[in-house]
Protein chains: 2
Amino acid sequence: MPTNRDEQAPKPDLRLINQALAMICGKWRLYIILLLGEQTLRYTQLSELLPGISEKVLAGELKALVALGVMKRKAYAEMPPRVEYKLSKKGRLALPVLNQLQEVGQLFN
Amino acid sequence: MPTNRDEQAPKPDLRLINQALAMICGKWRLYIILLLGEQTLRYTQLSELLPGISEKVLAGELKALVALGVMKRKAYAEMPPRVEYKLSKKGRLALPVLNQLQEVGQLFN
DNA sequence: CGGCATCCTTTATGATACTG
DNA sequence: CAGTATCATAAAGGATGCCG
């Protein structure tokens with residue numbers, strides 16, 4: 001016979017949770033994803049939209065998000081160089097839920 | 001005239017985002033919230049459901065979540081002592097979105 | 001039982017200078 | 001322009017012992 005808790009709420013999956021947290025946790029990561037949304041932005045545009053972020057951290061976060069498959073990086077062989085970032089399909093699929101986190105934040109007002 | 005981006009996706013609110021992240025980020029915080037769900041659990045039960053968490057971290061996370069207003073702590077003046085934790089109304093309101101984060105994690109499989 | 005205090009290790013974040 | 005390298009600080013997490 002199942003317990004009351006099993007019926008009402010199956011035990012959360014720690015692995016799924018950690019994958020979601022890897023995508024959004026950190027001082028800038030979720031904000032970068034939401035900011036990007038459906039647009040394509042260049043490295044410099046992102047740095048202007050994230051005032052106060054250091055070069056090292058921005059480059060590191062972008063690299064990590066690309067590695068996670070959340071966003072895509074496209075470099076053009078031009079001079080001066082141009083690099084564009086946009087969400088991957090995976091990132092776009094996650095977007096609705098991630099945007100809802102702002103409503104969760106709203107609960108604290 | 002609004003820009004294309006303004007129409008499609010208003011700039012995310014960093015303050016709301018940070019409030020949501022404060023609630024869920026960290027190695028255990030989101031898992032504690034989802035695990036609690038609609039139940040009431042004692043301190044020792046929580047520690048058994050979070051294998052590997054240290055006393056310091058568990059006590060600190062519970063205290064932080066109570067301070068954030070996400071959960072409630074109820075201590076009984078018995079011997080031996082008994083302390084119960086459950087989600088506050090705020091925590092229960094956030095629960096549906098937080099559970100959806102597992103589906104976001106599912107995207108990485 | 002349900003913590004807190006202390007000390008320690010690991011990650012995360014940041015400032016800055018430099019380069020293909 | 002779009003980063004990397006190096007150095008430094010801060011925050012998170014953990015091990016362990018003690019206490020009301």
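Naming: A, B, ... by sequence-line order, numbering from 1 per chain.
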Can I get a per-line list of side-chain donor-acceptor pairs under 3.5 Å for residues 54-63 of chain B, giving both atom names and the distance, sequence neighbours left out?
| unit_1 | atom_1 | unit_2 | atom_2 | d |
| --- | --- | --- | --- | --- |
| Ser54(B) | OG | Val57(B) | N | 3.2 |
| Glu55(B) | OE1 | Tyr43(B) | OH | 2.6 |
| Glu61(B) | OE1 | Arg29(B) | NH2 | 3.0 |
| Glu61(B) | OE2 | Arg29(B) | NE | 3.1 |

Taking only distance into account, with no hydrogens and no angle test, what donor-acceptor pairs under 3.5 Å do side-chain atoms of residues 102-109 of chain A form with protein atoms, sequence neighbours excluded?
| unit_1 | atom_1 | unit_2 | atom_2 | d |
| --- | --- | --- | --- | --- |
| Gln102(A) | OE1 | Asp13(B) | N | 2.9 |
| Gln102(A) | NE2 | Asn99(A) | OD1 | 3.3 |
| Asn109(A) | OD1 | Arg15(B) | NH2 | 2.7 |

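Residue pairs meeting the disulfide (SG to SG under 2.5 Å) criterion with at least one member in residues 36-90 of chain B, sequence neighbours excluded, do not occur. Judged as a disulfide (SG to SG under 2.5 Å), the pairs with a partner in residues 16-55 of chain B (not counting sequence neighbours) are, in order, Cys25(A)-Cys25(B). Sorted by first and then second residue, the disulfide (SG to SG under 2.5 Å) pairs involving residues 42-100 of chain B (not counting sequence neighbours) form an empty list.
The side chain to side chain contact (heavy atoms under 4.5 Å, CB included) search around Arg73(A) returns Val66(A), Ala75(A), Val83(A), Tyr85(A), not counting sequence neighbours. Checked against salt bridge (Lys or Arg N to Asp or Glu O under 4.0 Å), Glu78(B) has the following partners two or more places apart in sequence or in another chain: Arg82(B). Take Lys89(B) and apply the side chain to side chain contact (heavy atoms under 4.5 Å, CB included) test, not counting sequence neighbours, and it matches Arg92(B), Leu93(B).
Counting to the nearest Å, the P atom of dG3(D) and the CG atom of Leu41(A) are 13 Å from each other.
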Are any protein N/O atoms closer than 3.5 Å to N/O atoms in nucleotides 9-14 of chain D? If there are, list each pair with its distance.
| unit_1 | atom_1 | unit_2 | atom_2 | d |
| --- | --- | --- | --- | --- |
| dG13(D) | OP1 | Lys27(B) | N | 2.6 |
| dG13(D) | N7 | Lys56(B) | NZ | 3.4 |
| dG13(D) | O6 | Lys56(B) | NZ | 3.2 |
| dG14(D) | OP1 | Lys27(B) | NZ | 2.3 |
| dG14(D) | OP2 | Trp28(B) | NE1 | 3.1 |
| dG14(D) | O6 | Lys56(B) | NZ | 2.5 |

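Against DNA chain D, the stretch residues 64-83 of chain A makes heavy-atom approaches under 4.0 Å through Arg73(A), Pro80(A), Pro81(A), Arg82(A), Val83(A).
Along DNA chain C, read 5' to 3', the first and last nucleotides having any atom under 4.0 Å from a heavy atom of chain A are dT13(C) to dG20(C).
Each end of the helix from dC1(C)-dG20(D) to dG20(C)-dC1(D) gets its own axis, taken as the rotation carrying the C1' atoms of four end pairs onto the next four within a five-pair window, and the two axes meet at 50° to the nearest 10 degrees.
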